[in-house]
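Below: the structure, in structure tokens.
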Amino acid sequence: VFPSRSPSALDCNAPDLVELLLQRERRVLLLGPPGIGKTTLAGDLVRELDDRGRPVWCLGADPGSPVSGVPGAVCLGHWTQGVWVLREMEALCTLDAARFRLPLVSAVARLAQLAPGDTTLLLDAPGVVRGVAGAELLESLVRSAGIDLVLVLHREGQPIHLARELHGLGVELAPIRASRQARRPGKASRARHRTRLWETSLQDGEEHLVSLRDLQLLGTPPRRAPEAWQGKLVAFLEAGRTHAMGEVTGMQEETLRVLLPAHRRPTGTLLVRDACRGGDGLIGTAKAFAAGLVHYVPPPDLLPDGAADAPTGVRPVVQLGTAMAALVNGVFGDPLLHLRLRHQRRSLLFDLGEGLRLPARIAHQVSDVFISHAHADHISGFLWLLRSRIGESRACRLYGPPGLVQQVRSFLSAILWDRIGDRGPVFEVTEVHDRCLRRHRLQAGLAEVAFLAASAEDEFVLLQEPGFRVRYTVLDHGTPVLAFAYEPTVQIKVRKERLDQRHLTPGPWLSGLKQHILKGEFSSEVTLPDGSRATVADLAVDLTLAKSGGNLVYATDFADTAQNRQRLIALAGGADTLFCEATFVDQARDQARRTGHLTTRGCGEIAAAAHVRHLIPFHFSRRYEQEPWRIYQEIAALCPQTVVPKS
Ligand SMILES: [Zn+2]
Ligand SMILES: [Zn+2]
């Protein structure tokens with residue numbers, strides 16, 4: 001039911017306005033920023049018209065702050081003898097009218113057709129009145145609902161939002177001065193109101209169990225984890241129409257428990273977006289997928305000053321256990337991924353693109369640089385690294401495809417080193433010739449290249465350390481390119497409470513057990529302190545927990561070939577985070593083929609096939625600088641694990 005009559009926007013404008021509405025059957029859009037009194041005005045108008053015997057239908061198209069009806073949906077209802085009756089609704093499963101404006105507009109278009117022609121239709125538009133989203137929404141809502149009059153609420157002495165767009169619409173406009181008392185209700189009170197409406201819609205509801213395997217998922221389904229589904233507002237669809245809206249109250253294995261209104265049953269199609277009940281019990285918007293884990297605003301100490309203004313597009317940052325990875329030059333800039341191992345005061349770099357300068361302190365703690373290949377956008381930053389390492393005695397290790405030794409040597413020999421003696425920066429360069437690794441030592445100021453060793457590598461391990469290892473695979477980009485996997489060591493934790501329950505005393509047998517688990521020797525037997533024997537497999541399940549820090553895979557500049565796909569899927573299988581190039585949109589596949597790059601399709605399909613938990617696409621062609629969302633949309637359609645930055 002509409003809120004009370006005052007304070008009202010109508011007081012100063014009422015007579016004219018009601019006459020205007022009574023002239024004929026009108027379709028009216030109420031436009032204004034949040035809190036300006038649209039709701040109150042709508043309520044007043046409805047009552048005035050109802051008093052004069054004019055039937056009024058209402059189309060609630062503000063999914064976040066609905067007057068009545070159901071939040072996260074577009075609702076059509078009418079006002080009959082002082083009672084609001086909901087007739088039809090179309091679920092959006094989001095409160096965010098700006099982000100999901102396309103589904104919003106199509107829902108409005110359909111429901112507006114259902115309102116009888118001989119009535120007044122009031123369309124309560126979302127409070128999105130700025131920018132591209134506001135302009136687009138206004139125009140689309142007017143067209144799709146056949147609006148012929150727009151009531152424009154504005155504050156005295158303030159400009160009217162979307163003034164230019166309004167005049168281009170070709171429909172009648174009626175500016176209405178907002179009441180001075182009109183205030184936007186606080187965030188919390190809006191959330192409470194919304195939650196009350198939601199709970200009313202589920203009164204006397206029943207819980208149903210549905211298997212995700214049997215469902216066709218639409219919208220933006222979250223990853224298959226209970227915490228990602230808990231509390232989600234969902235809608236079961238039938239023949240493309242909303243059959244029932246409900247709430248996920250639990251998830252076990254692949255089965256969802258969903259609360260639906262009475263007498264409603266699940267169908268085979270489930271729509272889900274970002275509306276959900278939060279930890280505070282209120283209906284709101286779920287944090288973007290992987291928020292908390294992946295940010296697009298890096299902490300300031302990870303990137304140089306001024307980074308915020310650089311024209312590089314978004315800069316993803318990922319937290320991986322105790323490590324943190326930042327794509328320094330963003331998704332459009334030269335590739336350079338900075339992986340900081342926080343507890344070791346040490347950094348690994350993947351590629352050496354030029355762009356933002358990392359602080360000198362970081363350059364000094366770079367121990368290893370993994371270079372995919374020596375195209376200019378991947379190695380031009382070497383001069384920065386070289387300069388920053390003057391005065392550093394420890395060698396910096398570089399890894400890359402054949403030719404890297406000569407390339408580094410040429411960089412070094414391009415500079416006059418007459419004052420440095422034998423204190424020039426040292427580089428240990430490993431060239432990867434398929435399975436053979438060839439190591440060399442180069443020092444600035446010394447002409448000769450020292451050959452150190454060659455070794456065969458069966459497991460594709462480039463670097464093995466107690467805390468992690470880095471593996472590689474060779475991809476084809478018209479020239480060999482390396483893709484890398486950073487793999488933190490799995491940690492085996494002993495469950496002390498289980499030891500206590502089984503009266504087992506800790507001892508050297510436990511480290512023996514851990515070794516067996518780490519080596520995958522699950523059928524071996526271990527002797528327990530009480531003299532009994534048990535298999536590693538049984539003990540592993542009963543006594544230990546395996547904890548992985550999360551693998552990170554970095555792959556860029558390679559063609560979409562069957563062999564490249566197969567190799568990268570093998571390297572990235574089950575990885576926590578895959579950074580993968582997506583240079584072109586699918587439509588530009590010919591150009592991708594010519595240049596040996598991937599399209600959005602290749603990127604999304606590889607990540608989906610590798611079952612990675614997060615996909616972070618990057619190395620976008622600059623031609624998409626104005627429309628990065630196009631790339632994200634295409635990839636996310638193929639791989640729901642794509643981390644899409646919030647707009
Ligand atoms: Zn490149
Ligand atoms: Zn390249």
Side-chain angles (χ1 to χ4, degrees), residues 310-316 325-339 348-356 358 369-385 398-408 410-411 429 431-434 472-485 552-561 563-565 567-568 571-572 578-586 588-604 606-607 615-625 628 631 635:
T312 54
V314 294
R315 276 181 307 276
L327 202 55
V328 176
N329 295 323
V331 295
F332 286 104
D334 280 7
L336 168 53
L337 182 73
H338 173 201
L339 182 71
L348 313 184
L349 303 181
F350 293 85
D351 272 336
L352 267 180
E354 209 179 10
L356 295 166
L358 286 166
V369 184
F370 302 89
I371 293 170
S372 63
H373 64 308
H375 277 160
D377 52 331
H378 298 258
I379 204 168
S380 295
F382 181 80
L383 281 177
W384 157 78
L385 182 71
L398 308 178
Y399 310 80
L404 187 61
V405 170
Q406 193 49 47
Q407 282 137 7
V408 170
S410 307
F411 268 118
V429 181
E431 277 186 4
V432 177
H433 297 251
D434 200 19
Y472 69 92
T473 193
V474 183
L475 303 176
D476 176 37
H477 172 50
T479 176
V481 160
L482 302 183
F484 304 100
L552 178 151
V553 175
Y554 174 91
T556 187
D557 291 57
F558 55 100
D560 191 353
T561 65
Q563 181 177 282
N564 279 349
R565 278 187 178 227
R567 287 184 172 185
L568 181 54
L571 184 75
L578 168 63
F579 281 86
C580 184
E581 80 147 292
T583 305
F584 297 107
V585 298
D586 191 38
R589 65 187 84 88
D590 289 341
Q591 187 162 8
R593 204 171 300 129
R594 273 200 307 280
T595 54
H597 278 288
L598 222 52
T599 64
T600 49
R601 171 165 298 279
C603 176
I606 288 170
L615 167 62
I616 301 186
F618 76 108
H619 206 0
F620 301 165
S621 163
R622 292 243 184 225
R623 67 167 75 170
Y624 307 113
E625 229 158 9
I631 300 181
I635 300 173

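Numbering starts at 1 and runs along the sequence shown. Counting starts at 1 for both ligands and their atoms, following the listed order.
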Arg589/Arg601 under side-chain contact (heavy atoms from CB on, under 4.5 Å): CA gap, chis, key distance, verdict: CA-CA 9 Å; Arg589 65 187 84 88; Arg601 171 165 298 279; over 6 Å; no

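- Ser380 is linked by a side-chain contact (heavy atoms from CB on, under 4.5 Å) to Glu354, Ala376, counting only residues two or more places apart in sequence or in another chain.
- Tally of protein N, O or S atoms closer to the Zn ion (ligand 2) than 2.8 Å: 4.
- By the ring-ring contact (aromatic ring centres under 6.0 Å, His included) test, Tyr554 is found to be paired with Phe350, Phe618, residues two or more places apart in sequence or in another chain being considered.
- With hydrogens and angles left out, the side-chain atoms of His619 and His597 include no donor and acceptor closer than 3.5 Å.
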Applying side-chain contact (heavy atoms from CB on, under 4.5 Å) to Leu337 and Val328, what does each step give before you reach the verdict? CA-CA 6 Å; Leu337 182 73; Val328 176; over 6 Å; no

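- With sequence neighbours excluded, the residues satisfying side-chain contact (heavy atoms from CB on, under 4.5 Å) with Ala483 are Thr473, Leu475, Ala555, Leu568, Leu571.
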